[in-house]
Amino acid sequence: MLQVSGLRSAYGRIEVLHDIDLTVGAGEIVTLVGANGAGKTTLLKCLSGTQPVTGGTVQFEGADITGLAAHKRPGLGLAQSPEGRQIFTSLSVAENLRLGAYNFKDARVASDIDEAYAMFPILKEKRNLPAGGLSGGQQQMLAMARALMARPKCLLLDEPSMGLAPIIVQQIFDVIVSLKARGVTVFLVEQNAYGALRIADRGYVMETGRITIEGRAAELLADPRIREAYLGV
Ligand code: ATP
């Protein structure tokens with residue numbers, strides 16, 4: 001579904017992604033783990049189209065989207081849950097969800113909102129309240145629910161567990177697993193390597209802008225290099 005080949009990206013003259021190769025198959029959960037500053041967010045931005053690519057290609061469902069404008073990607077089925085949970089704090093929960101569906105017709109939007117509430121019951125309870133009043137975990141749920149309103153084939157998630165209490169992290173990861181069950185392909189960037197690898201099919205480890213280890217998630221969880229560097233074992 002998503003294929004990254006020889007990808008390079010730079011800030012000014014400083015290259016921060018070096019020759020990245022990575023694939024995400026339809027129906028998979030694939031995770032990218034790595035330390036702070038490794039380049040994970042930069043890679044996600046290359047996929048969502050907000051960061052220039054200086055070499056290599058990004059293909060989505062066989063089409064080259066390397067230079068495609070960011071706003072055209074959700075229409076193809078490639079959506080990102082807003083970075084930093086960029087929700088509209090002064091708008092209500094329901095209004096935020098409707099904004100995620102800006103390009104669809106009303107009947108479909110209503111049923112999609114019902115589905116989002118089924119997935120995140122707390123959002124239904126708070127549907128008429130300003131999104132700014134939600135807790136961090138609830139805002140993360142809203143950001144994910146809003147991204148799902150675009151009915152993506154592939155959802156890009158940037159550290160959805162960041163800063164959340166363990167019980168909320170578990171809920172978020174459970175939702176990601178349920179997305180897979182509904183046929184949504186997920187590319188999950190995480191610093192929480194243990195949690196991410198537990199739910200993923202495959203994983204990649206990024207260190208200073210390079211992929212250094214890749215494999216089945218279960219194998220990575222058992223890999224001594226990963227256990228020492230990322231799992232604190
Ligand atoms: P984090 O988990 O902190 O988000 P990351 O793995 O996502 O880390 P990136 O944010 O992609 O890493 O950063 C990769 C490298 O690029 C780092 O060395 C960082 O300092 C640098 N960098 C990131 N954003 C910029 C920017 N806007 N201008 C210059 N350098 C940047």
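Remember, it's 1-based here, ligands and their atoms both numbered in the order they're listed.
Counting atoms of ligand 1 from 1 in the listed order, those under 4.0 Å from a heavy atom of Ala38 are 5 (P), 6 (O), 12 (O). The ligand atoms of ligand 1 that sit less than 4.0 angstrom from a heavy atom of Gln191 are 2 (O). Of all the atoms in ligand 1, the ones that sit under 4.0 Å from a non-hydrogen atom of Thr42 are 9 (P), 11 (O), 13 (O), 14 (C).
Formation of a donor-acceptor pair under 3.5 Å by the Thr208 side chain with backbone atoms of Ala38 is not found in this model. Judged by distance alone, with hydrogens and angles left aside, the side-chain atoms of Arg73 form no donor-acceptor pair with the main-chain N or O of Ala79 at under 3.5 Å. Judged by distance alone, the side chain of Thr54 and the main-chain N or O of Arg8 form a donor-acceptor pair under 3.5 Å.
Under the 4.0 angstrom criterion, atom 20 (O) of ligand 1 counts as lacking any protein heavy-atom contact.
With a 4.0 Å heavy-atom cut-off, ligand 1 is reached by the side chain of Val16 but not by its N, CA, C or O. Contacts between Glu159 and ligand 1, counted as non-hydrogen atom pairs separated by less than 4.0 Å, involve the side chain only.
Looking only at heavy atoms of the protein, atom 12 (O) of ligand 1 is closest to Gly39 N, 3.0 Å. For atom 8 (O) of ligand 1, the closest non-hydrogen atom of the protein is Gly37 N, 2.7 Å. In terms of protein heavy-atom proximity, atom 23 (C) of ligand 1 is closest to Tyr11 CE1, 3.4 Å. Nearest protein heavy-atom neighbour of atom 10 (O) of ligand 1: Thr41 CB, 3.8 Å.
Proximity of Ala35 to ligand 1 is established by a heavy-atom distance of less than 4.0 Å. Heavy atoms of Gly34 come nearer than 4.0 angstrom to ligand 1 in no pair at all.
With respect to the salt-bridge test (charged N to carboxylate O, under 4.0 angstrom), the residues Glu207 and Arg225 do not qualify.
Between Asp201 and Lys180, the closest side-chain pair of non-hydrogen atoms falls below 4.5 Å. For the pair Gln170/Asp174, a side-chain contact is recorded, criterion being any heavy-atom separation below 4.5 Å from C-beta on.
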